[in-house]
Q: 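First, the structure itself, so that you have it in front of you.
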Amino acid sequence: MPKVVILSPHFPPATLAGVHRARHMAKYLPAYGWEPIIIRADEAHYTEKLDPELAKLVPQTVRQIRTSAFPATIARKFGVGDIGLRAYLPFKQVLAQVIPSERPDIVFITGSPYYPFLLTHWIKQTFDIPVVLDLQDPWVSAEGALRPKLSKGGLSHLLSKVLEPMAIKHARFVTSVSDRQNDEMAERYPWLNRLAMAAIPIGGDPEDFDALRVNPPQCPIVRLDHTRINLSYVGTFLPKAGPLVSTLFKALSQFRERAPDLANKLLLNFVGTSNQPNGGGTHLIRPLAAAAGVQDLVNEVPQRVPFLEALSILANSNGLMMIGSDEPHYTASKIYPGLMSATPFLSMFHAASSAHKILTEAGGGFPHSFNSVDELPSLQKSLAYVFERFATGQINVAPPNPAAYEDYTAKHVAGSFADVFNRVIS
């Protein structure tokens with residue numbers, strides 16, 4: 001069986017979004033004939049809040065090699081906190097031992113952090129084995145270009161413009177999460193082979209939801225009130241979603257006018273609306289609920305919750321609210337965790353959005369669409385009817401068709417990487 005060394009500076013119990021790429025590959029690559037070996041910094045050197053429960057989702061059979069790192073308490077005095085820099089030399093030392101002993105066919109480095117990408121030239125020159133770089137999100141970003149040049153963010157952007165080409169020009173293959181990102185890299189570097197690039201989504205694992213129904217997080221920030229029927233929205237509240245949420249609350253108000261006892265069984269949870277880990281005071285939904293007179297049926301937690309807790313809310317709610325914006329080009333990726341949870345949903349998206357098309361074809365809920373904000377009032381009657389079905393327990397919808405989200409499952413993503421690896425060594 002061919003081997004791949006996966007250098008992932010963060011790994012569970014770290015909770016950053018990027019760690020799930022390596023976690024999913026570690027779990028599913030063996031099904032495609034590849035043996036993964038994980039190299040990562042020991043969690044004692046991570047600076048973010050850790051989640052031991054997330055680490056339990058990694059199979060015990062996965063081989064993990066933990067490295068040391070320069071202490072963050074000292075490094076921060078010099079303005080350095082990035083684990084990719086603090087563990088750079090330990091990563092190199094471990095690779096110098098592991099590559100000759102394990103004789104892997106490929107070294108795969110996934111970011112962020114991105115500084116370990118600079119090991120690519122050394123690996124290629126010293127061991128003559130191919131390196132695949134996975135940027136996930138952009139290293140050189142449009143957002144970084146907007147930062148003041150002399151700010152920390154601005155200087156970081158200037159540094160990334162120097163370092164990115166130094167790293168990727170020695171890679172055999174480059175991946176990210178979107179074709180657009182790959183196209184932008186190819187435009188920046190005309191020498192980059194666009195045929196040696198692939199767009200592979202982050203992916204989600206339906207088995208995570210099964211595990212969380214059996215063992216939900218022990219100390220969650222948000223506790224669902226199981227004396228009521230919980231309909232939940234998890235994620236950032238987009239400003240252009242305001243008219244949609246207001247329409248939803250007006251429909252809830254109409255339902256309560258008609259059937260107050262049933263309506264009072266419902267609790268609409270909005271979690272992580274500020275997208276900030278400490279955003280406890282920024283209530284964006286509450287004023288809209290108050291305007292419709294349904295604030296007592298709405299619970300808003302602006303604070304962003306840890307990854308596993310977010311999945312647990314999706315898994316253990318009675319229903320989900322999937323709400324887009326008034327724009328037709330709303331991206332569909334955010335709907336896939338909801339579909340994978342198999343929790344019945346109520347959705348509101350522009351009729352021309354890919355999200356509405358996918359949800360309608362997938363089944364498993366009550367999709368609503370509109371062509372302009374002027375049409376939103378016409379949805380209130382149907383939305384009120386859906387609230388009644390949840391309140392009375394008359395959902396009667398089949399689970400979503402797995403084919404609708406197959407390309408976004410962790411197993412399929414691992415298979416896509418296995419295809420890349422097979423191409424590289426062929």
Side-chain angles (χ1 to χ4, degrees), residues 1-12 14 18-43 55 58-69 83-84 87-136 166-176 193 195-198 200 202-203 410-426:
M1 178 183 290
K3 296 180 183 178
V4 55
V5 166
I6 298 176
L7 175 55
S8 176
H10 287 100
F11 200 72
V19 307
H20 303 293
R21 176 82 97 189
R23 176 172 74 92
H24 294 155
M25 291 176 68
K27 180 178 179 180
Y28 287 111
L29 273 177
Y32 297 96
W34 280 84
E35 178 186 346
I37 302 171
I38 304 294
I39 295 177
R40 48 93 154 197
D42 188 272
E43 57 263 34
V58 179
Q60 305 239 336
T61 54
V62 173
R63 296 173 60 188
Q64 299 186 43
I65 301 173
R66 296 165 171 83
T67 76
S68 62
I83 190 70
Y88 186 90
L89 289 179
F91 289 153
K92 186 174 182 179
Q93 292 167 354
V94 169
L95 284 167
Q97 298 170 358
V98 170
I99 293 176
S101 63
E102 295 291 343
R103 301 180 64 84
D105 298 87
I106 285 176
V107 173
F108 175 81
I109 308 177
T110 183
S112 62
Y114 301 109
Y115 294 109
F117 288 0
L118 297 172
L119 291 166
T120 302
H121 187 208
W122 170 76
I123 294 170
K124 177 183 175 183
Q125 192 174 50
T126 307
F127 302 103
D128 192 30
I129 64 172
V131 179
V132 175
L133 295 183
D134 174 41
L135 276 78
Q136 297 194 39
M166 293 172 58
I168 65 175
K169 71 179 180 180
H170 298 292
R172 184 73 63 84
F173 207 99
V174 177
T175 64
S176 75
N193 181 5
L195 297 178
M197 304 179 76
I200 302 177
I202 295 296
K411 186 172 183 179
H412 189 275
V413 166
S416 297
F417 276 109
D419 289 342
V420 167
F421 298 161
N422 291 332
R423 287 171 57 187
V424 167
I425 66 172
S426 63

Q: State which residues pass salt bridge (charged side-chain N to carboxylate O under 4.0 Å, His left out) with E102; sequence neighbours excluded, sorted by chain then number.
A: K3, R63
Q: With the side chain counted from C-beta on, respond yes when I65 and Q97 share a heavy-atom pair under 4.5 Å apart, and no when they do not.
A: no
Q: Taking all non-hydrogen atoms of both residues, which atom of F127 and which atom of P100 are closest, and how far apart?
A: CE2-CG, 3.8 Å
Q: Checking side chain to side chain donor-acceptor pair (under 3.5 Å) for the pair Q136/S112: CA distance, chi angles, key distance, verdict?
A: CA-CA 7 Å; Q136 297 194 39; S112 62; over 6 Å; no
Q: Once you round to the nearest 0.5 Å, how far does CE of M1 lie from CG of D105?
A: 11.5 Å
Q: When rounded to the nearest 0.5 angstrom, what is the spacing between CG in L135 and OG1 in T175?
A: 7.5 Å
Q: Hey, can you pull the donor-acceptor pairs under 3.5 Å for the side chains in residues 417-426, sequence neighbours left out?
A:
{"unit_1": "N422", "atom_1": "OD1", "unit_2": "W34", "atom_2": "NE1", "d": "2.9"}
{"unit_1": "N422", "atom_1": "ND2", "unit_2": "A418", "atom_2": "O", "d": "3.2"}
{"unit_1": "R423", "atom_1": "NH2", "unit_2": "L195", "atom_2": "O", "d": "3.0"}
{"unit_1": "S426", "atom_1": "OG", "unit_2": "N422", "atom_2": "O", "d": "3.4"}
{"unit_1": "S426", "atom_1": "OG", "unit_2": "R423", "atom_2": "O", "d": "2.8"}

Q: Looking only at non-hydrogen atoms, find the nearest pair between P36 and P30 and report the distance.
A: CD-CG, 3.8 Å
Q: Under the rule for side chain to side chain contact (heavy atoms under 4.5 Å, CB included), what residues qualify as partners of Y88, not counting sequence neighbours?
A: L118, L119
Q: Please find the pair of heavy atoms, one from A41 and one from A87, that lie closest to each other, and give the distance.
A: CB-CB, 4.4 Å
Q: Please identify each residue that fulfils side chain to side chain donor-acceptor pair (under 3.5 Å) with T120, with sequence neighbours left out.
A: none
Q: With S8, which residues qualify under side chain to side chain donor-acceptor pair (under 3.5 Å), at least two apart?
A: none
Q: Applying side chain to side chain contact (heavy atoms under 4.5 Å, CB included), can you list everything that pairs with A410, at least two apart in sequence or on another chain?
A: H24, Y28, D205
Q: Got I106 and P130 here, is their nearest side-chain heavy-atom distance under 4.5 Å?
A: yes
Q: Report yes if the side chains of V131 and H170 come closer than 4.5 Å at any heavy-atom pair, otherwise no.
A: no
Q: Which residue pairs satisfy the salt bridge (Lys or Arg N to Asp or Glu O under 4.0 Å) criterion with at least one member in residues 121-135, sequence neighbours excluded?
A: R21-D134
Q: Calculate, to the nearest 0.5 Å, the distance between atoms CD1 and CD1 belonging to I39 and I99 respectively.
A: 7.0 Å
Q: Checking A96 now: which residues fulfil side chain to side chain contact (heavy atoms under 4.5 Å, CB included) with it, not counting sequence neighbours?
A: W122
Q: So, using side chain to side chain donor-acceptor pair (under 3.5 Å) as the criterion, who are the partners of H412 when residues are at least two apart?
A: D407
Q: Who passes side chain to side chain contact (heavy atoms under 4.5 Å, CB included) against E43, sequence neighbours left out?
A: P13, R40, Y46, L50, R66
Q: Under the side chain to side chain donor-acceptor pair (under 3.5 Å) rule, collect the residues that match up with Y114, sequence neighbours excluded.
A: none
Q: Return the minimal non-hydrogen interatomic distance between G33 and P2, and the atom names on each side.
A: O-CD, 3.1 Å
Q: Is any side-chain heavy atom of Y115 less than 4.5 Å from a side-chain heavy atom of P9?
A: no
Q: Is there a side-chain contact between L29 and I6 (heavy atoms, below 4.5 Å)?
A: yes
Q: Between P113 and H10, is any pair of side-chain heavy atoms under 4.5 Å apart?
A: yes
